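Below: the structure, in structure tokens.
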Number of protein chains: 2
Amino acid sequence: MNSSLIHSPRRDRTTAAILDAAAHVLAADGAAASMADVANAAGVGRATLYRYFETRESLLEALAADAVAEAGARLADAGLDGVPVELAIERIVRAIVAVGDRYAIIVREGILPDREDEEVERLLGMPIRAVFARGVRTEVLRPDVTLDVLLELFGGLLTSTIKLVGQRRIGLEDAAAAVTDVFLQGSRAQ
Amino acid sequence: MNSSLIHSPRRDRTTAAILDAAAHVLAADGAAASMADVANAAGVGRATLYRYFETRESLLEALAADAVAEAGARLADAGLDGVPVELAIERIVRAIVAVGDRYAIIVREGILPDREDEEVERLLGMPIRAVFARGVRTEVLRPDVTLDVLLELFGGLLTSTIKLVGQRRIGLEDAAAAVTDVFLQGSRAQ
DNA sequence: CCGTACTGAGACACTAGTGTCTCGTAAGAG
DNA sequence: CTCTTACGAGACACTAGTGTCTCAGTACGG
């Protein structure tokens with residue numbers, strides 16, 4: 001029987017465990033992590049890992065697709081268009097940081113399988129860009145820094161925040177609040 | 001004659017070229033870049049590369065040491081202690097971003113040769129931390145976010161700025177000004 | 001309680017990168 | 001101009017990771 005088309009609960013569970021472990025290991029050890037490392041972390045044999053993902057590349061692809069889908073879903077649920085820009089930005093931070101490890105791997109220099117780039121742009125880039133563009137248009141965000149540059153700086157803040165949360169040096173809520181505040185108000189006192 | 005102890009001008013030039021090329025390649029391709037890639041980028045043969053650096057590890061070590069030394073020297077020359085915190089932060093940004101590629105590699109997950117960590121802390125961590133601590137003490141920087149967290153967020157901004165400058169999407173001066181401004185004042189308009 | 005299907009362990013071939021060595025050649029110093 | 005020195009190219013052994021395969025053991029559904 002072709003089990004690759006049938007999603008038994010057991011198979012789904014193992015798949016999820018592998019993806020979780022892979023995200024964790026790759027976020028920690030970087031691209032240096034091997035398939036054996038991932039298998040160990042997931043508590044399965046190396047052969048089983050290959051039964052779930054034909055190649056290392058397809059594992060990374062699935063990981064990226066998973067991360068993009070989850071982050072995208074959170075953003076879509078966030079109702080960004082209906083709220084003030086400040087609140088929208090806070091929700092974006094919360095959504096991305098919540099995905100954490102998974103997202104960090106995507107950023108760590110495009111492991112993205114080429115066409116997956118479109119998905120990133122469609123599900124993540126566009127909604128975020130829209131909020132920022134609205135911010136500039138409604139004079140909530142400063143107009144003297146290019147939108148592109150502002151987004152890149154925002155991304156840098158998010159990456160370091162994910163790192164902090166991943167190392168448990170700060171909680172998710174505190175982190176989201178802090179980074180939103182710093183990004184909007186800056187680090188200057190009062 | 002033991003040429004490893006004699007620093008002929010030619011050897012120094014080649015060493016510098018290799019380190020430059022290595023920094024560039026590693027910053028672009030990440031840790032995936034091979035010794036052959038570095039040799040190609042430097043315009044030397046692979047054998048020659050090994051004549052200058054016994055192992056891949058020693059190349060990375062030299063690269064990190066070089067980056068830390070240069071960034072450290074720039075910070076030391078910046079006279080951080082004598083100027084207001086805002087100006088000191090701007091000078092830190094300028095110093096780190098100027099080192100660029102080299103610095104980015106250090107950050108990309110400690111390739112640091114263990115004891116080199118001390119040097120990073122002594123030459124980079126301490127002076128920067130001192131400025132931030134002074135900022136909090138003199139009520140220039142917000143006290144409601146941990147110094148550690150603030151430093152990490154600052155580092156995230158620096159990393160994305162280096163990326164922007166490396167891709168020529170913004171000039172060094174504009175970048176330094178923008179990131180300083182955003183970090184201190186935030187992204188909110190006026 | 002039985003049988004099917006999945007599993008972990010390990011052997012295996014293959015690939016890519018590392019580090020070593022040699023040799024003919026080119027370049028720079030005196 | 002000559003002689004030394006470093007160079008590039010390539011062969012080489014070695015290592016580590018990838019992906020395939022087999023096989024005995026085990027969990028789980030019927």
Side-chain angles (χ1 to χ4, degrees), chain A residues 1-64 105 108-109 111 113, chain B residues 1-64 105 108-109 111-114:
Chain A
M1 186 109 308
N2 187 345
S3 62
S4 71
L5 291 179
I6 298 180
H7 293 276
S8 72
R10 184 172 159 198
R11 185 167 187 95
D12 287 347
R13 239 182 302 125
T14 307
T15 302
I18 288 176
L19 287 177
D20 277 343
H24 193 258
V25 168
L26 290 181
D29 294 10
S34 70
M35 291 294 267
D37 294 331
V38 173
N40 271 337
V44 302
R46 207 168 61 89
T48 300
L49 177 53
Y50 277 102
R51 283 182 192 109
Y52 281 77
F53 298 97
E54 292 188 343
T55 65
R56 177 194 167 89
E57 196 186 344
S58 67
L59 170 62
L60 297 182
E61 198 168 328
L63 204 52
I105 294 167
R108 237 195 247 278
E109 213 141 356
I111 318 180
Chain B
M1 188 110 307
N2 187 344
S3 61
S4 72
L5 291 179
I6 298 183
H7 294 277
S8 72
R10 183 171 158 199
R11 185 168 186 94
D12 287 346
R13 242 181 300 125
T14 306
T15 302
I18 289 176
L19 287 177
D20 277 343
H24 193 259
V25 168
L26 290 180
D29 295 10
S34 70
M35 291 295 266
D37 293 332
V38 172
N40 272 337
V44 302
R46 207 169 62 91
T48 300
L49 177 55
Y50 276 102
R51 284 183 191 109
Y52 280 78
F53 298 97
E54 291 188 344
T55 66
R56 176 193 168 89
E57 196 187 344
S58 67
L59 169 62
L60 296 181
E61 199 169 327
L63 204 51
I105 295 167
R108 237 195 245 281
E109 211 140 358
I111 318 181
L112 301 186
D114 301 341

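Computed from a predicted model, the values in this text were never measured in an experiment. When reading the values below, keep in mind they use all heavy atoms of this one structure, side chains included, and skip hydrogens, waters and symmetry mates. Letters A, B, ... are given to chains in the order of the sequence lines, protein chains preceding strands, and every chain is numbered from 1.
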Rounded to whole Å, please give me the gap between OH in A/Tyr50 and P in D/dC21.
13 Å
Nearest-angstrom distance from the residue atom CE of B/Met35 to P of D/dA9:
16 Å
Taking atom C1' of D/dA6 as reference, at what distance in whole Å does atom CZ of B/Phe53 sit?
16 Å
So if I take the C1' atoms of five pairs at each end of the helix from C/dC1-D/dG30 to C/dG30-D/dC1 and get each local axis, what angle do the two axes make, rounded to 10 degrees?
40°
Would you mind listing every side chain to side chain donor-acceptor pair (under 3.5 Å) that reaches into residues 15-28 of chain B, with sequence neighbours excluded?
B/Asp20-B/Arg102
According to side-chain contact (heavy atoms from CB on, under 4.5 Å), who are the partners of A/Ala16, at least two apart in sequence or on a separate chain?
none
Using side-chain contact (heavy atoms from CB on, under 4.5 Å) as the criterion, point out the one residue from A/Leu19, A/Val44, A/Thr14, A/Leu59 that pairs with A/Tyr52.
A/Thr14
Please work out which residues in residues 18-25 of chain A have a non-hydrogen atom less than 4.0 Å from an atom of DNA chain D and list them by number.
none
At a cut-off of 3.5 Å, list every protein nitrogen or oxygen paired with a nitrogen or oxygen from nucleotides 25-30 of chain C, distance to 0.1 Å.
none

Beyond-backbone contact of A/Glu54 with A/Tyr50, side-chain heavy atoms, under 4.5 angstrom
no
Please give me the minimum heavy-atom distance between A/Val38 and A/Ala22, naming the atom from each residue.
CG1-CB, 3.8 Å
To the nearest angstrom, how far is A/Glu54 atom CD from D/dC21 atom P?
11 Å
How long is the line joining CZ of B/Arg13 and P of D/dT5, in whole Å?
18 Å
Tell me the interatomic distance from B/Arg56, atom CZ, to C/dA16, atom P, rounded to whole angstroms.
17 Å
Hydrogens and angles aside, do B/Thr48 and B/Arg51 bring a side-chain donor and acceptor to less than 3.5 Å of each other?
yes
Compare every heavy atom of B/Ala42 with every heavy atom of B/Ala17, then report the nearest pair and how far apart it is.
O-CB, 4.3 Å
With the threshold set at under 4.0 Å for non-hydrogen atoms, list the residues of residues 36-49 of chain A touching DNA chain D in residue-number order.
A/Arg46, A/Ala47
Quick one: CG on A/Asn40 to CZ on A/Arg46, what's the gap to the nearest 0.5 Å?
10.5 Å
Does the side chain of B/Leu26 reach to within under 4.5 Å of the side chain of B/Asp37, using non-hydrogen atoms?
no
For B/Ala62 and B/Phe53 the tightest heavy-atom approach is CB-CE2, 3.5 Å
Measure CZ/B/Arg51 against C1'/C/dT20 and give the value in whole Å, please.
11 Å
Considering every strand and a 4.0 Å limit on heavy-atom distances, what is the contact class for B/Tyr52: base, sugar-phosphate, or nothing?
sugar-phosphate
Which value, rounded to the nearest 0.5 Å, describes the distance between A/Ile18 atom CD1 and A/Leu63 atom CG?
11.5 Å
